[in-house]
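Chain identifiers are assigned alphabetically (A, B, ...) following the order of the sequence lines, protein sequences preceding nucleic acid strands; residue numbering begins at 1 within each chain.
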Protein chains: 2
Amino acid sequence: MTDPGPRTRRQDPERRERIIAACLDVIAESGVAGTSHRRVAAAADVPLGSMTYHFSGMDELLREAFGRFSAAMAGYFEQRMAEVRDRDQAKLELVSLIAAGDSYSRRDLVITHELYTLAAREPAFRELTNAWMARSRTALERHFDPATARMLDALIEGLTIHRALDTEPQDRTIVTAAIDRITQGPTG
Amino acid sequence: MTDPGPRTRRQDPERRERIIAACLDVIAESGVAGTSHRRVAAAADVPLGSMTYHFSGMDELLREAFGRFSAAMAGYFEQRMAEVRDRDQAKLELVSLIAAGDSYSRRDLVITHELYTLAAREPAFRELTNAWMARSRTALERHFDPATARMLDALIEGLTIHRALDTEPQDRTIVTAAIDRITQGPTG
DNA sequence: ATTATCCGTGTACGATCGTACGCATGACTG
DNA sequence: CAGTCATGCGTACGATCGTACACGGATAAT
């Protein structure tokens, strides 16, 4: 306790991160229903004992994993919104984000729904979704008034769901038109 | 095989229905992740053996339960939409449906999300959500043009999610304004 | 070099899971 | 009324689950 401070003593400081990442992989593939310590441990290539060592239990693991995920998603959205200059560009960016083929992968969609489902039932997870939504809304408010931002947020959510559930590819025209109508408000 | 035809021989013809209803209760309370034969059997007050007797396995039980649920939800929505006469009334009805305090209970929200989550990952369940969405869209098309119906459908979905996740009660004004903007299209 | 420390892991335990299957039992046939 | 049969249930089994916990071995201290 004299020199390097409270640094971790042993190797592998990123073990915890690998477990979290693997947990998200397992969630994406098998759902929260099919996520177990053993499966995550296998996916992360760590021994089973590491699970209880790094996380107090399943709840903490899930909360940590979904926390990481929602923060990453919010950060990505913020960045995309920060890189545009005016409303028209923002609208185009939104269309790109929602429409198929862009960065939003099915994996992300699945994880997002898993989180929403958890949040719908357990208030503890609602903190995560609320924080995520708040950041998205703030990002939107760089270019739209608060009321419009709220509406856009809801619309994006709904269109994203449809993209996740529709077997046919999303119709870019509809997305564009819907965003146009929403942003046609008084100060949108 | 002479008289009443292939009627069930023993008592309790509605046992299957009770199991399905109980299954939805369990899903609402513990999620698909926490749904097991034993729990459903206990909730339906039937012996464990009835599970494998009436359903080939967990998959069939879930598919049956979610099928019942989505059909009921679609039917309810259709009815509400069929009872209105013009577009303005339809818009008011949509606001009532989305905004808090109306018939959409948290239970229904939770089950809906569980279904969406399953559908996002497994295409087999997407048939259910697709059928549901198709019926909703058709119901909306009684009063709105197809493109607007699609947009409204997405918007409703998104607003419903926000209602499920927001801790604060839904703002009726925003809902009304959003629907107004969407329906301000050329033939909306 | 020796000792003390504690990180990280292997393993084991009790609970719960889905599912199969033999059998009691009530319903039809004659 | 007796015989036949399928329905519906009790029970048991193997797998898998979350979690606890004792211990080996690397590291820091002297």
Review point. Base, sugar-phosphate, or nothing for Ser56(B), non-hydrogen atoms under 4.0 angstrom?
Key: nothing

Review point. If you find the nucleotide of DNA chain C closest to Tyr53(A) and the one closest to Leu48(A), which residue's nucleotide is nearer the 5' end?
Key: Tyr53(A)

Practice item. In whole angstrom, give the distance that lies between atom CE of Met51(A) and atom P of dC17(D). Key: 13 Å

Check your understanding: So which one's nearest nucleotide on DNA chain D is more toward 5', Gly34(A) or Gly49(A)?
Key -> Gly34(A)

Exercise for review: Write down the distance between NE2 (His37(A)) and C1' (dT11(C)), rounded to a whole number of angstrom.
Suggested key: 16 Å

Check your understanding: Quick one: which of dT19(D), dG18(C), dG10(D) gets closest to the side chain of Arg38(B)?
Key -> dG18(C)

Exercise for review: Measure the acute angle between the ring planes of Trp132(A) and Phe69(A), then classify it against the limits of 30° and 60° as parallel, tilted or perpendicular.
Suggested key: perpendicular

Practice item. Rounded off to whole Å, could you give me the CZ-to-P distance for the Arg39(A) and dT19(D) pair? Key: 16 Å

Point to revise | Rounded interatomic separation in angstrom, taking CG from Asp45(B) and P from dG10(D) | key: 11 Å

**Study point:** Expected output: side-chain Arg106(A) to main-chain Ala120(B) donor-acceptor under 3.5 Å
**Key:** yes

Practice item. Identify whether the distance between the nearest side-chain nitrogen and carboxylate oxygen of Glu64(B) and Arg68(B) falls below 4.0 Å. Key: yes

**Study point:** Rounded distance (Å) that lies between atom C1' of dT7(D) and atom NE2 of His54(B)
**Key:** 9 Å

**Study point:** Phosphate OP1/OP2 of dG8(D): any Ser50(B) side-chain N/O under 4.0 Å
**Key:** no

Review point. How long is the line joining CD1 of Ile19(B) and P of dG18(C), in whole Å?
Key: 14 Å

Exercise for review: Can you figure out which of dG18(C), dA20(C), dA20(D) approaches the side chain of Thr52(A) most closely?
Suggested key: dA20(D)

Point to revise | CA sep, side-chain torsions, deciding dist, call: Met81(B), Glu93(B), side chain to side chain contact (heavy atoms under 4.5 Å, CB included) | key: CA-CA 8 Å; Met81(B) 281 299 107; Glu93(B) 200 70 6; 3.8 Å; yes

Exercise for review: Kindly check if the number of other-residue, nucleotide or ligand heavy atoms within 6.0 Å of CD (Glu29(B)) is above 12?
Suggested key: no

Review point. Could you state the CG-C1' distance from Asp59(B) to dT19(C), rounded to the nearest angstrom?
Key: 13 Å

Check your understanding: For Arg16(A) and dG8(C), what is the distance between atoms CZ and P respectively, to the nearest whole Å?
Key -> 12 Å

